[in-house]
Novice: 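To start, I am sharing the structure in question, which I have written as C-alpha cells.
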Amino acid sequence: LHDALPILFSVFLLIVRMFAGWIVEYGLRVFQLEAARGKSVSVWIGFHDYRRVFLTKLLSSLRIMGKLLLLVFPGIKEIYSLLFIDYVLYEHPEYSPREVIRVSREMMEGKRVDVFMVHMSVALWFIAGLWLDVYTFGLCSIAVRPYLQQCETQTYLIVSALPETT
C-alpha cells in the first residue's frame, strides 16, 4: 500500500482537476471575456451549468488525447481547434456539448496559424514565467498566466467578430 500511495494521490488530483478544475477554468475564461467587454460576472458561473460544462470539457479532452495518441501534429491541431470551447459554451447556452465542439472547430478553420502566431508572440512570457516560478515558488504565474489567457480572450473576440469564410 505504501508503494501505491503516490499513484493513488495522482489519481485523486486528476479527479479533483476534472470535477472542479475544469469548472473553475471555465469560470475564469468567462470572467476574462466579460471583463474585456466591460462587464462583470462571477468566476463560479460554471457551477450553474455544471453538467454541460463538464461534459464539454470531457469530450474535448478525450478528442485531444485521442489525436495526441495518433501523432503529435494532429493533437496540436486539435488543441487549437478546440481552443475557444469555453467562450462558445458561454455565449451559446442552447448548444449541446457536441455542438459547442463543432462550432469551435468551424470557428478556428483557417485561423489556427494566426492563433498559433499569437501564442508565439507571448511564448517568451510563458517560458520566463515557468523559469521564474522555480525561484519564486509559483508566484510568477500569478502575473504571467492571466496575461496569456487575456491574449486568448482578445484573440477570441477578434476571431468571433470576423465574417465566416466558406
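Start at 1 with the first residue, then count along the sequence. Keep in mind it's a predicted model, so treat the numbers as computed, not measured.
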Novice: Using the side chain to side chain contact (heavy atoms under 4.5 Å, CB included) rule, pick out the option among Ile158, Leu157, Val159 that qualifies with Thr155.
Specialist: Val159
Novice: My understanding is that a hydrophobic cluster links ILVMFWY residues whose side chain heavy atoms are under 4.5 Å apart, including indirect links. Using that, what else belongs to the cluster containing Phe12?
Specialist: Phe9, Leu13, Val16
Novice: Between Tyr147 and Val118, is there a shared hydrophobic cluster once you connect ILVMFWY residues whose side-chain heavy atoms come closer than 4.5 Å?
Specialist: no
Novice: So which atom in Ile85 and which in Val100 form the shortest heavy-atom distance, rounded to 0.1 Å?
Specialist: O-CG1, 3.6 Å
Novice: Is Glu106 salt-bridged to Arg102, cutoff N-O under 4.0 Å?
Specialist: yes
Novice: If we only count heavy atoms from C-beta on, is the Leu33 to Tyr90 side-chain gap below 4.5 Å?
Specialist: yes
Novice: Any side-chain heavy atom of Thr153 within less than 4.5 Å of one from Glu34?
Specialist: no
Novice: Roughly how far, to the nearest 0.5 Å, is CE of Met107 from CG of Leu82?
Specialist: 12.0 Å
Novice: Just so I know, are the side chains of Phe31 and Ile45 near enough to count as touching, which here means a heavy-atom distance under 4.5 Å?
Specialist: no
Novice: Sort out for me which residue in Lys111, Arg63, Lys67, Arg112 forms a side-chain hydrogen bond (donor to acceptor under 3.5 Å, both in side chains) with Ser81.
Specialist: Arg112
Novice: Among residues at least two apart in sequence or on other chains, which ones pass side-chain hydrogen bond (donor to acceptor under 3.5 Å, both in side chains) with Ser104?
Specialist: none
Novice: Describe, in one word, how the ring planes of Tyr50 and Phe47 are oriented to each other, choosing from parallel (under 30°), tilted (30 to 60°) and perpendicular (over 60°).
Specialist: parallel
Novice: Quick test of your reading: applying salt bridge (Lys or Arg N to Asp or Glu O under 4.0 Å), list the pairs with at least one residue in residues 42-51, sequence neighbours left out, ordered by first then second residue.
Specialist: Asp49-Arg52
Novice: What orientation do Tyr80 and Phe116 show, parallel under 30°, tilted 30 to 60°, or perpendicular over 60°?
Specialist: perpendicular
Novice: If every non-hydrogen atom of Trp44 is compared with every non-hydrogen atom of Val24, which pair is closest and at what distance?
Specialist: CZ3-CG2, 3.7 Å
Novice: Mind checking the CG-OG1 spacing from Leu89 to Thr56? Nearest 0.5 Å is all I need.
Specialist: 4.5 Å
Novice: For Leu62, does the CG atom have more than 12 heavy-atom neighbours from other residues, nucleotides or ligands under 6.0 Å away?
Specialist: yes
Novice: So Phe54 and Pro97, do their side chains get closer than 4.5 Å, heavy atoms only?
Specialist: no
Novice: Check for me, please, whether Phe84 and Ile76 land in the same ILVMFWY cluster - side-chain distances under 4.5 Å, paths through other members count.
Specialist: yes
Novice: Report whether Leu124 and Met120 are members of the same hydrophobic cluster (ILVMFWY, side-chain heavy atoms less than 4.5 Å apart, transitive linking).
Specialist: no
Novice: Got a sec: does the CE of Met117 have more than 12 other heavy atoms crowding it under 6.0 Å?
Specialist: no
Novice: With Tyr156, which of Glu91, Arg29, Gln32 fulfils side-chain hydrogen bond (donor to acceptor under 3.5 Å, both in side chains)?
Specialist: Glu91
Novice: Backbone N or O of Ser96 within a donor-acceptor pair of the Glu99 side chain at under 3.5 Å?
Specialist: yes
Novice: Grouping I, L, V, M, F, W and Y whenever their side-chain heavy atoms are under 4.5 Å apart, do Met65 and Leu68 come out in a common cluster?
Specialist: no
Novice: Could you see if Leu55 belongs to whatever hydrophobic cluster contains Tyr95? Use Ile, Leu, Val, Met, Phe, Trp, Tyr and a side-chain cutoff under 4.5 Å.
Specialist: no
Novice: Is it the case that over 12 heavy atoms from other parts of the model lie below 6.0 angstrom from the CZ atom of Arg98?
Specialist: no
Novice: Calculate, to the nearest 0.5 Å, the distance between atoms CD and OG belonging to Glu78 and Ser61 respectively.
Specialist: 11.0 Å
Novice: Run the side chain to side chain contact (heavy atoms under 4.5 Å, CB included) test on Leu58 and Trp22 for me, step by step, so that the C-alpha distance in whole Å, both residues' side-chain angles and the decisive distance to 0.1 Å come before the verdict.
Specialist: CA-CA 9 Å; Leu58 181 64; Trp22 287 344; 4.0 Å; yes
Novice: Could you check if a side-chain atom of Leu83 sits within less than 4.5 angstrom of a side-chain atom of Val115, using non-hydrogen atoms only?
Specialist: yes
